[in-house]
Structures are given as C-alpha cells and as structure tokens.
Undergrad: 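A single structure is presented below for examination.
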Amino acid sequence: MCGIVGYIGPRDATPIIYNGLKRLEYRGYDSAGIAVLQNENIEVRREAGKLSMLGGLLETSPISGNIGIGHTRWATHGAPSARNAHPHLGQTGRVVVVQNGIVENYLEIKDELTSEGVDFKSDTDTETIVHLVEHYLASGLDLVEAARKTFKYIRGANVVVLMSADEPDKIIAARIGNAGGVVVGYGDGEMFAASDVPAILEHTRKVTFLESHQMAVLTREGVRFETIDGSRIRPEIQTVAWDPIAAEKGEYRHFMQKEIQEQVRALTDTLAGRVDFEAGRIRLPDLNLTPELAKRITKIYITACGTAAYAGMVGKFLIEKIARIPVEVEIGSEFRYRDPIIDANTVVLAISQSGETADTLAAMEEGRRKGAIVWSIVNAIGSQAMRIADGTIAMQTGPEIGVASTKAFTAPLIDQYMLAILLADMRGTIDEKTRRELVSDLRLVPDLAGRTLAREADVEKVAHAFKDIRSCLYLGRGINMPIAYEGALKLKEISYIHAEGYPAGEMKHGPIALIDREMPVLCIAPKDPWHEKMISQIQQAKARDGIVIAVATDGDELVASMADHVLWVPKMPWLLSPVITVLPLQQLAYHIATLRGLDVDQPRNLAKSVTVE
C-alpha cells in the first residue's frame, strides 16, 4: 500500500496520474501501475521496481484516455512483481481496482470466489475486491451499489479506488476504516482523487478529505459523498496552501497529529513483502539470517536511545517469549562504557529512527569491535546504522517530521515480532500451528490501530480535563510496562509536564507516596495475562484518592467501574497489545500539548536526530 492517484476530466489522464505518483514517491514502494480507459477498454500498465520502470513501459507501450487510476505499492500479499502490482482487473476486464490496506478476510473470500469459477491472476488480497465487485455487478446492481456491497463485505482498514469501462463517467473512492487518507480534489470540469495532497496540488487547491466509512462518487461535473451505508453527506471543502510543507500536513494541524494517524498505513507498510499469510511465514531478506546463524545465537543485546529503547523493551519480551533467546536492552550511551560480555554468537541489534544517533552508532561499533553479529532496525534508508550493519530491517514508515516519535515507535514493535517468529521458526522453538497463529494475528493490526485512532474525540475530552496538571504517574505490567515509559516520555516531551513511567508492581516501593488528588495515575490495563494485577494497582491508587485514567479493553466493566476516565481499545492478541495501547497515549500527549498552546512538532531543547554524544 502506498500512493493512489485518480483522474476524470477532459485531459489525458496518464501524465496527470504518473506525475502525481512521483509526488508520492517519498512514501516508499516496490512496484507501480496505471489503468486508463482507452477506446472503451481498460488498458493497464504495471511494472516492478521504481516508477521510472513504469515510465519506460509507458514510453514503449503508451496509453491515453480521460479517466484513470494509478498506484505505487508496498507488497503485503505476494512478492513484488509486475504480476502483483496494482491496478488489478477483474475477469471481464471491465472493472479495475487499486487498494491501500489489508483485506483481513481475503482467504475466505478467495475460497468462495474460486469455488464459483473465478481464476485469480495474482497473489494479492486486492484482487478479491475487483472480483467481488464483478460478482455483484453480475447480479444486476450498478457500479455504485456493487462497490458499496463489496466495501461492506471486506474486513479491515482499507482505501479502495475503482472504475468500470461500462460506467465510464465515474470513479469511486472509499475509506473503509481508518486506513490512511483519501483526498478528493475539485477542478474545472475535472475531479481528482489521491491518497495525499501533494499528488494533486499542482492542479487544485480545493479539496475534501474522506472520513472513515465514507465513499465518494467522482464525475467530470463534481462529486457525491455518502457513507458506506448509503446516507448522503454534505462535504466540507477546504483550501490548501501552495506551501509544500503545509500541503504535506494535509487535513492535520501538526505533523505529529498526521504521523499518529498515519500509523495504520505505516504498520501495513512494515508488513509489506515480509508476511506470507497463506504459508504462515515471515521473510526478512535484508537481515541475512540463515537457520545456521539463528541456531548459533546465544544472546541478543538490543541497544537504542529514548523511544527506540522502549520499543526494544517490548522486543525483549517478544524475542524471549517466542524465540527463547536471552535478550538484554541497553541504553546506547551506556553500552560501550561498561565492557559488555560479547562473542561471535552474540547479536547487537540497534534500533534508530534516523539511523544517525551517535550513541547508538557507538554501541554498534563496540559490538563490531568485540566480534558480535550487528543488526539494525532503521527508518531512514541509507543511513549509517543501516550501512554498517550485517543485516537490517527497514521500518518502512515513511518520513517522520515531528520530533516526538510515534509511527517510528510502533513499526519496530512489529519488526521485532516478525523477527521473533523468524528466529523461532529457524531454531525450531515453535510448532507450525503456533507459527501460523502468530503470523495470522498480524493481519489484524492495521484495523485494530485504525479503530483505536478513530476514537480521538474521546481522548481529547480527557485531555481537556488534565491539561493543567503538573505531574502524572504511568503504570504498566509485563509486555505493557514499556508502554508506561513511552506514554510518560511523550507527555513530558511535548507538554513539558513532569511524567514518570513505572512498573506497576513497584508502586508500593516508592511512587505510591506521591499519589493524591493532584497527581493523576494512568494505568495500562488491557485484558492480558497481567489484567488482574493491574486491577489491584487501580484499587490501590483509588484507595489513596488518586484520579485514575485507564487504558482498557472494550467491555471491561470492572475497570470502568473503578477508573475516573477510560481510554478504550479493541480486543486484541495480547502479544501485539503494545502496538495498540500506546496509540491513545500518543493522542493524549498531543492534545494536552496543543491545549497548552505549545509547539508540538518542535518542542524546546529537542532534536529529531541526536548526532552528538
């Protein structure tokens, strides 16, 4: 999933779509394609690799027409190839689709369609969408209603854009769940659709952003907005500044807010090309990991700083639990000064958003000097931490502009989960059934994140209640203990409020002395193996007149009866819970800071990349 551009109007669609996709290249991708209605037939051009490869194909095999859609893709289902690139045609060749997201129930849909005689031409989940649309068209529905039934049937957070040669006067775009953006642009006798504003900014400044569970029907004359259920919507038209920085913010007030919301896309992208849901396997080719090496590893040091270190704490839990390898988490600035015990069977795994963090790089060098295997999880492609490592995992989140890291925290949680499964598989520490279950759970993550982020208004109400606090205690246990640290860090980074993260079981060993009605206690209490223990911590805080904010699983009446405020999250696999429980904490910190009138994207005294010791 990545860039989408659609056009309908009097001009040639091909250069408009191609140039729009070029403006979305910063999002990363591994293949690209364009579909255009030419002489009453849909012509498709697709190619693996960079957009220039598609450009070369368009030169040797040109297409032109007045309506079309295009896409740049990160592979999630099926390897990067022209065969799996978007757009995807149906069997009739009369309907074509592009998609961002993951169709969670694609396997059952594929089985149903295959039994009806549908012949799949790709390995993607996207192809199920176009075949479903054709299935409903064959029953007598028009394109809009066939699309609507399809959108209701597929599960997961998805953006879908489609068109049909038999109804050449329209493009349909939909945002199903909180799956990244869809922006509709207004021109003079022409309309545009895209996954982000920069793709269409040279053509129009007037735009409307689709909300979750909304769809748009674009024609040359204008656009009709509806809910997926069919209710008409009155659109809000916004005017975007020509300033490219402002344009990249799109509908959002700050980059941090945008990057929090982008986590649905970022989490999908970090799965791209790495998860084979049908086989139940993980592929991390750039890590250069072999079964022989996996079996040789006796210890892993995860080294990082700040937010990345807290991600590493979650990784320690995942790798030890799934792969059964001992893991230590070391702050980069301390690692090289304490003479760590390292040999050729030790891995030093560095996590860094920028890949240029001085202390983390020094820790990698210390590992290399002592003969360790050196790996890195990095967001910035080509950075030093990527270049000097023996193997890497790219976060694939796209640029992160806000100083307080958000999507570059949740992506490495998924990266380490995948690493743990791969190590366990190669070492033989899990059976096939368990491996398949762990891999299958990954398909739920983008939708779980989208459903959580969609509750921003509820988080904002809590922020209003606590915007004037002077201190806050964050408590968590087990796999969510590092989320207490990370939640506290976010609050202090951007709101300048003192906050402290603590293991909940340690509350009676000091922090309980601080609890009163002036200092709220934020308890991370989803339904995980530590749920009962967290209930006890909430009760102890309430016994001291503490004001409790709880992060809790939907339907948890016990927590609701005790806490003063609840930030609800959906039911989720507990090993993946940190990816979800941190989201409302990011939003809470953001809204408290904005209510205090602070510079969220560039908080005082902080830099995005700490390149000096």
Side-chain angles (χ1 to χ4, degrees), residues 1-6 17 21 24 27 29-35 42 44-48 54 68-114 118-137 146-147 149-164 171-177 179-180 182 193 195 215 264-265 267-269 271-278 442-443 446-447 450:
M1 66 174 281
C2 264
I4 292 176
V5 183
I17 295 169
L21 293 175
L24 299 180
R27 300 176 77 156
Y29 61 97
D30 53 40
S31 59
I34 289 179
I42 296 173
V44 177
R45 302 290 184 270
R46 303 182 299 184
E47 192 60 86
L54 175 63
I69 55 179
H71 189 269
T72 50
R73 172 192 187 243
W74 266 130
T76 57
H77 296 67
S81 65
R83 175 176 181 267
N84 290 325
H86 298 203
H88 287 284
L89 281 168
Q91 283 204 133
T92 66
R94 309 297 287 172
V95 181
V96 68
V97 165
V98 296
Q99 170 229 7
N100 283 349
I102 291 177
V103 180
E104 291 178 9
N105 56 334
Y106 92 100
L107 285 175
E108 62 187 71
I109 296 173
K110 186 175 182 179
D111 288 343
E112 292 171 7
L113 293 169
T114 301
V118 173
D119 180 23
F120 281 76
K121 303 296 185 183
S122 77
D123 305 311
T124 69
D125 57 332
T126 306
E127 196 180 347
T128 60
I129 300 174
V130 71
H131 292 314
L132 268 180
V133 173
E134 287 193 336
H135 170 81
Y136 292 125
L137 286 171
K149 288 202 74 169
T150 300
F151 300 153
K152 288 182 176 181
Y153 194 69
I154 62 176
R155 291 201 307 265
N158 290 279
V159 168
V160 180
V161 179
L162 60 87
M163 66 182 195
S164 169
I171 291 175
I172 299 174
R175 185 178 180 186
I176 310 161
V182 183
S195 52
M215 58 187 286
V264 179
R265 175 186 64 79
L267 290 167
T268 306
D269 284 356
L271 300 175
R274 295 164 173 169
V275 184
D276 185 336
F277 287 110
E278 292 193 48
L442 283 168
R443 78 179 65 215
D447 185 53

Undergrad: Quick check: closest heavy atoms across Ala85 and Ser31, and the distance to 0.1 Å?
TA: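 Minimum heavy-atom contact is CB-OG, 3.6 Å.
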Undergrad: Distance from Asp276 atom CG to Glu278 atom CD, nearest 0.5 Å?
TA: 6.5 Å
Undergrad: Please name the pair of heavy atoms, one in His88 and one in Val130, separated by the smallest distance, quoted to 0.1 Å.
TA: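 Closest approach of His88 to Val130: O-CG2, 3.8 Å.
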Undergrad: In this structure, are over 12 heavy atoms from other groups packed under 6.0 Å from Lys149 atom NZ?
TA: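 12 or below, so no.
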Undergrad: Nearest 0.5 Å please: distance from the CZ atom of Arg175 over to the CG atom of Asn158.
TA: 12.0 Å
Undergrad: Determine the minimum heavy-atom distance between Thr124 and Ser122, stating which atoms define it.
TA: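 Thr124 and Ser122 have their closest heavy atoms at OG1-OG, 2.9 Å.
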Undergrad: With a 4.5 Å limit on heavy-atom distance, are the side chains of Leu271 and Ile102 in contact?
TA: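 A side-chain contact under 4.5 Å exists here.
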Undergrad: Taking all atoms of both residues into account, what is the closest heavy-atom pair of Ala173 and Val161, and its distance?
TA: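 In this case the closest contact between Ala173 and Val161 is CB-CG2, 3.9 Å.
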Undergrad: What is the ring orientation for His71 with His86, classed by angle as parallel under 30°, tilted 30 to 60°, or perpendicular over 60°?
TA: parallel
Undergrad: Given side chains that start at C-beta, do those of Glu104 and Phe277 come closer than 4.5 Å, heavy atoms only?
TA: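 Side-chain contact under 4.5 Å: no.
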Undergrad: Between Ala32 and Thr72, what is the shortest heavy-atom contact and its length?
TA: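 Between these two residues, the closest heavy atoms are CB-CG2, 3.9 Å.
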Undergrad: Just to verify, which of Thr128, Thr114, Val118 counts as forming a side-chain contact (heavy atoms from CB on, under 4.5 Å) with Ile109?
TA: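 Passing option: Thr128.
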Undergrad: Answer yes or no: is there a donor N or O on one side and an acceptor on the other, between the side chain of Arg46 and the main chain of Pro87, under 3.5 Å?
TA: yes
Undergrad: Of the options Ile4, Ile172, Val182, Ile129, which is the one that meets Val160 in a side-chain contact (heavy atoms from CB on, under 4.5 Å)?
TA: Ile129
Undergrad: Can you find a pair of side-chain heavy atoms, one from Glu108 and one from Arg155, that are under 4.5 Å apart?
TA: yes
Undergrad: Hey, is the main chain of His131 close enough, under 3.5 Å, to the side chain of Gln91 for a donor-acceptor pair?
TA: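 No.
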Undergrad: Would you check if Ile42 and Arg94 make a side-chain contact, meaning some heavy-atom pair closer than 4.5 Å?
TA: no
Undergrad: Out of Asn100, Val98, Val5, Leu21, which residue meets the side-chain contact (heavy atoms from CB on, under 4.5 Å) rule with Ser195?
TA: Asn100
Undergrad: To the closest 0.5 Å, what do you measure between OG1 (Thr126) and CD1 (Ile154)?
TA: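 If we round to the nearest 0.5 Å, Thr126:OG1 and Ile154:CD1 are 9.5 Å apart.
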Undergrad: Are the side chains of Tyr153 and Glu112 in contact, using a 4.5 Å heavy-atom criterion?
TA: yes
Undergrad: What closest approach, in Å, do Ala147 and Leu162 show between heavy atoms, and which atom pair accounts for it?
TA: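 Ala147 and Leu162 have their closest heavy atoms at CB-CD2, 4.1 Å.
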Undergrad: Drop me the distance from Glu127's CD to Leu113's CG, to the nearest 0.5 angstrom.
TA: 9.5 Å
Undergrad: Would you call Arg83-Asp123 a salt bridge at under 4.0 Å N-O?
TA: yes
